[in-house]
Amino acid sequence: MEIGSFHGNASAALYFYFKNAKLFAGDIYPDLFRYKSNRIKNFFVNSSDEISIRDNIINKFDHNFDIIIEDAGHSLKDQIISLFMLFKKLNSGG
């Protein structure tokens with residue numbers, strides 16, 4: 001999962017690197033995402049808002065993730081919030 005996907009360039013690169021992976025790309029502006037695939041799910045999330053993280057990631061996805069990349073708000077506060085809220089969504093060994 002990538003938070004802060006913007007146009008989706010990193011997700012597109014990960015698509016070709018992890019050939020069997022399902023990719024999840026969240027951003028505050030999901031309409032700017034440029035790529036379509038049945039292996040990529042684009043969604044809205046505001047990483048500055050704990051309620052948005054809870055509603056759009058924690059409560060929305062039943063599964064955990066092998067990798068979580070947080071590249072959204074670029075502020076320490078947002079990164080700490082994401083770390084503490086999303087760590088439980090990371091698979092063991094992830």
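- Under the 4.5 Å side-chain contact rule for hydrophobic residues, M1 and I80 share a cluster.
- In this structure, the side chains of S82 and I53 come closer than 4.5 Å at one or more pairs of heavy atoms.
- Between K88 and N64 there is no side-chain heavy-atom pair separated by less than 4.5 Å.
- Note that the CD atom of Q79 and the OG atom of S47 stand 8.5 Å from one another [nearest 0.5 Å].
- Listed for the N56 side chain is a donor-acceptor partner under 3.5 Å among the backbone atoms of S52.
- The two residues F16 and K19 make their nearest non-hydrogen contact at O-NZ, 3.1 Å.
- Looking only at side-chain heavy atoms (C-beta outward), F44 and N46 come within less than 4.5 Å of each other.
- Rounding to the nearest 0.5 Å gives a distance of 7.0 Å between CZ of R39 and CG of N20.
- Within a 6.0 Å radius of CZ in F84, no more than 12 heavy atoms belonging to other residues, nucleotides or ligands are found.
- S75 contributes a side-chain N or O that, together with a main-chain N or O of D78, makes up a donor-acceptor pair within less than 3.5 Å.
- Linking Ile, Leu, Val, Met, Phe, Trp and Tyr whenever their side-chain heavy atoms come within less than 4.5 Å puts I81 and I58 in one cluster.
- I68 has its side chain out of reach of F87: every pair of non-hydrogen atoms, C-beta onward, lies at least 4.5 Å apart.
- Residue E70 holds its CD atom at 8.0 Å from CG of L86, rounded to the nearest 0.5 Å.
- Taking CD1 from I67 and CG from L14, the interatomic distance works out to 7.0 Å, rounded to the nearest 0.5 Å.
- By the criterion of side-chain heavy atoms lying less than 4.5 angstrom apart, applied directly or through intervening Ile, Leu, Val, Met, Phe, Trp or Tyr residues, F61 is grouped together with I3 in one hydrophobic cluster.
- Side-chain contact between K22 and F65 is absent, with no heavy-atom pair separated by less than 4.5 Å.
- Checked by atom type and distance alone, the side chain of R34 never pairs as donor or acceptor with a backbone atom of F6 at under 3.5 Å.
- Shown here for M85 and R54, the closest heavy-atom pair between the two residues is CE-N, 4.0 Å.
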Might you work through the side chain to side chain contact (heavy atoms under 4.5 Å, CB included) test for F24 and I40, ending with a clear yes or no? CA-CA 6 Å; F24 298 85; I40 299 176; over 6 Å; no
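- Closest heavy-atom contact between A10 and E2: CB-OE2, 3.4 Å.
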Set out, in order, the CA-CA distance, both residues' side-chain angles and the distance that settles side chain to side chain contact (heavy atoms under 4.5 Å, CB included) for H7 and Y29, then state yes or no. CA-CA 9 Å; H7 291 298; Y29 301 112; over 6 Å; no
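- With K89 contributing its side chain and H63 its backbone, the two residues share a donor-acceptor pair below 3.5 Å.
- Hydrophobic cluster membership is shared by F33 and I69, with clusters built from Ile, Leu, Val, Met, Phe, Trp and Tyr side chains linked at under 4.5 angstrom.
- For the 3.5 Å distance criterion, the side chains of N42 and Y35 fail to qualify, holding no donor opposite an acceptor.
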